Visitor: 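Dumping the structure here so I can ask a few things about it.
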Protein chains: 2
Amino acid sequence: MSSESWTPPAVLVAVDLVILTLRDSALNVLLVERGIDPFRGARALPGGFLNNAGEDIVAAARRELAEEANLDAATLHLEQLGAYGEPGRDPRGRVVSVAYLAISPGLPEPVAGTDAARAAWTPVDEALSDTARLAFDHRRILLDGVERARAKLENTSLATAFCAPTFTIAELQRVYEAVWGVALDPRNFYRKVQAVPDFIVPAGNQRTTKGRPARLFRAGSRTELTPPLTRP
Amino acid sequence: MSSESWTPPAVLVAVDLVILTLRDSALNVLLVERGIDPFRGARALPGGFLNNAGEDIVAAARRELAEEANLDAATLHLEQLGAYGEPGRDPRGRVVSVAYLAISPGLPEPVAGTDAARAAWTPVDEALSDTARLAFDHRRILLDGVERARAKLENTSLATAFCAPTFTIAELQRVYEAVWGVALDPRNFYRKVQAVPDFIVPAGNQRTTKGRPARLFRAGSRTELTPPLTRP
DNA sequence: ACAAAAGTGTTCGTGGTACACCCATGC
DNA sequence: GCATGGGTGTACCACGAACACTTTTGT
């Protein structure tokens, strides 16, 4: 260690949000167009600095979720991805950003006249394309977020966080197919998810546009999936 | 957002290390006895503040690894666990700590007359016992680190990071048994690990204290295990 | 020879995949 | 009726658990 009179350097702490949802059976992420430098005009993940020195980091994430995306953190899944603190990631100075992954059901309106007017759902494939050019290291953070979601679909009930309070098994299947980017057999999927105790529980009937009406389900109490649903 | 003249609050950033190894077929973690307040005299994870505003966080982790544990980060596994930033976790003020998980092979001497003299390998069971009373939120960080290690044994070649450059399959099995806390069938384990392409590759012969000599292996190029080794 | 640990062969049951088939609705 | 999607039955195959058995060393 150094001498006792040495004091450690202070840095700025920000939060960034990877907010994923399903739109038209495709995985989408919420991006904002930056109104200020650096990276003015470029697209970026929603986020911002801590409000004051006493604000909890996850509280800051929830606040940004409300401010920038008009989403209620109480109703959706929110978990930390990690800290991104490379020197030089922000040209303004030393900023350490704590990234969070949020999963939102359906499509709660592509945000309207709120503080979040500049926010727009963007297909993940497009956001990660070479032409997208996200601000800062947000491409890296988005990649990590998507990978985290992919992995957690296997072992946890995270998929239900993409769905409305009640959903059909086919809707749940579309979550897996969109996030994993694969096609699954509906008949086997149907039995597989019901074989996991307390993963999903029945909740009545529904009729769809075509074909036989599907049963409705709610998310059950089980959070860890045993056995896991393995991707092909 | 607030007015443009508002400046975000600065906080202190620290790194904490969960360094795991195997000693006598038991999972151990490196703990240091704190020489200064707060929590003077209590045991804590090795760690410290960033050296200066330009230091990369993972570089700070590597530096602490060398200073406090006399370990070379180039030779061992190091990955981020996440950020721990609850207000009040450090009585000195607002500190956000970025925790790292390090895996070290064998037992590179319980550290000697170095800067790390106060460091000691401690069985994880003991470190997590109710009487241990780790400083700050280090019990939580240690729990997360152990759980991360457990999970990654299934899907990655992390287990080889606990082993010397060459090792026998029985030694590799002891890693799994110690980290998972279960007993495995040696015969099935033997074939299972060899069935994963490039997980481990042969490297000559060895004789042990008793019984038939075992073949030696090195870690292969494969990092993701497909199929995974599932814990019973 | 005996003990101990390494390594092999084989059986059995479970669980996933593939796919044929039946059911319930809208048109 | 037919088309469409929901839901069921079942045969097959692969893989893991269990365990008898053989091999190679030290003493």
Side-chain angles (χ1 to χ4, degrees), chain A residues 22 24-25 153-155 159 163-164 166-178 180-197 199-218 222 224-232, chain B residues 22 24-25 153-155 159 163-164 166-178 180-197 199-218 222 224-232:
Chain A
L22 227 61
D24 313 319
S25 300
L153 281 200
E154 290 193 296
N155 307 303
C163 297
T166 64
F167 50 87
T168 69
I169 292 188
E171 287 165 359
L172 189 64
Q173 181 182 346
R174 278 190 278 277
V175 172
Y176 278 90
E177 293 183 325
W180 283 350
V182 298
L184 301 173
D185 185 304
R187 291 98 68 171
N188 293 333
F189 183 84
Y190 184 88
R191 277 173 295 207
K192 216 165 172 176
V193 293
Q194 292 199 50
V196 183
F199 178 23
I200 56 175
V201 296
N205 270 1
Q206 184 198 38
R207 62 190 56 215
T208 80
T209 51
K210 296 182 173 182
R212 174 176 173 174
R215 300 177 195 160
L216 282 177
F217 293 84
R218 297 190 317 273
R222 174 72 56 104
E224 302 282 318
L225 262 41
T226 50
L229 275 67
T230 53
R231 35 186 154 169
Chain B
L22 228 62
D24 313 318
S25 300
L153 281 200
E154 291 193 295
N155 307 305
C163 297
T166 64
F167 50 87
T168 68
I169 292 187
E171 287 165 358
L172 189 64
Q173 182 182 344
R174 278 191 278 277
V175 172
Y176 278 89
E177 293 184 326
W180 282 350
V182 298
L184 301 173
D185 184 304
R187 291 99 76 184
N188 292 333
F189 183 84
Y190 184 87
R191 278 172 296 206
K192 214 165 173 177
V193 293
Q194 292 200 63
V196 184
F199 177 23
I200 56 175
V201 296
N205 270 2
Q206 183 199 39
R207 64 190 54 215
T208 78
T209 51
K210 295 182 172 181
R212 176 175 173 173
R215 300 177 194 158
L216 282 177
F217 292 84
R218 296 190 317 272
R222 175 70 57 103
E224 302 283 318
L225 262 40
T226 50
L229 276 68
T230 53
R231 36 185 154 170

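A quick note: this is a predicted structure, and the numbers were derived from the prediction, not measured. Chain identifiers are assigned alphabetically (A, B, ...) following the order of the sequence lines, protein sequences preceding nucleic acid strands; residue numbering begins at 1 within each chain.
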Visitor: To the nearest angstrom, how far is B:Leu172 atom CG from C:dA6 atom P?
Guide: 13 Å
Visitor: Can you tell me if A:Tyr176 uses its side chain to pair, donor with acceptor, with the backbone of A:Ala159 under 3.5 Å?
Guide: no
Visitor: Please name the pair of heavy atoms, one in B:Pro227 and one in B:Val196, separated by the smallest distance, quoted to 0.1 Å.
Guide: O-CG2, 4.1 Å
Visitor: Report which part of the nucleic acid A:Ala195 touches: base, sugar-phosphate, or nothing (heavy-atom distance under 4.0 Å, all strands).
Guide: nothing
Visitor: Do you know the tightest heavy-atom contact between B:Ala178 and B:Ser25?
Guide: CB-O, 3.5 Å
Visitor: Extract, from 5' to 3' on DNA chain D, the first and final nucleotides lying under 4.0 angstrom from some heavy atom of chain B.
Guide: D:dG16 to D:dG26
Visitor: Rounded to whole Å, how long is the line connecting atom CZ of B:Phe167 with atom P of C:dA6?
Guide: 14 Å
Visitor: Test of understanding: with side-chain contact (heavy atoms from CB on, under 4.5 Å), list the residues that count as partners of B:Thr208, not counting sequence neighbours.
Guide: B:Gln206
Visitor: In whole angstrom, what separates B:Gln173's CD from C:dG7's C1'?
Guide: 13 Å
Visitor: Could you work out how much the helix from C:dA1-D:dT27 to C:dC27-D:dG1 bends, comparing the axis of its first five pairs with that of its last five, to 10°?
Guide: 0°
Visitor: Measure OH/B:Tyr190 against C1'/C:dA5 and give the value in whole Å, please.
Guide: 12 Å
Visitor: Side-chain polar contacts of residues 183-191 of chain B - donor-acceptor pairs under 3.5 angstrom, sequence neighbours left out - could you list them?
Guide:
| from | atom 1 | to | atom 2 | distance (Å) |
| --- | --- | --- | --- | --- |
| B:Asp185 | OD1 | B:Arg187 | N | 2.8 |
| B:Asp185 | OD1 | B:Asn188 | N | 3.2 |
| B:Asn188 | OD1 | B:Arg191 | NH2 | 3.2 |
| B:Tyr190 | OH | B:Arg215 | NH1 | 3.2 |

Visitor: How close do A:Phe199 and A:Val193 get, heavy atom to heavy atom, and via which atoms?
Guide: CD2-O, 3.7 Å
Visitor: Nearest heavy-atom pair of A:Asn205 and A:Leu216: which atoms, and what distance?
Guide: O-CD1, 3.7 Å
Visitor: Checking B:Glu154 now: which residues fulfil salt bridge (Lys or Arg N to Asp or Glu O under 4.0 Å) with it, not counting sequence neighbours?
Guide: B:Arg231
Visitor: Could you tell me which non-hydrogen atom of B:Pro213 sits nearest to which non-hydrogen atom of B:Arg207, and how far apart they are?
Guide: CB-CA, 3.8 Å
Visitor: Nearest heavy-atom pair of A:Leu153 and A:Leu225: which atoms, and what distance?
Guide: O-CD2, 4.0 Å
Visitor: Across nucleotides 18-27 of chain C, 5' to 3', mark each nucleotide with B, S or - according to how protein heavy atoms within less than 4.0 Å reach it.
Guide: BBB--BBBS-
Visitor: Rounded to the nearest angstrom, tell me the gap between atom CD in B:Gln206 and atom C1' in C:dA4.
Guide: 15 Å
Visitor: Starting at CZ of B:Arg174, measure out to CD1 of B:Ile169 and round the result to the nearest 0.5 Å.
Guide: 12.0 Å
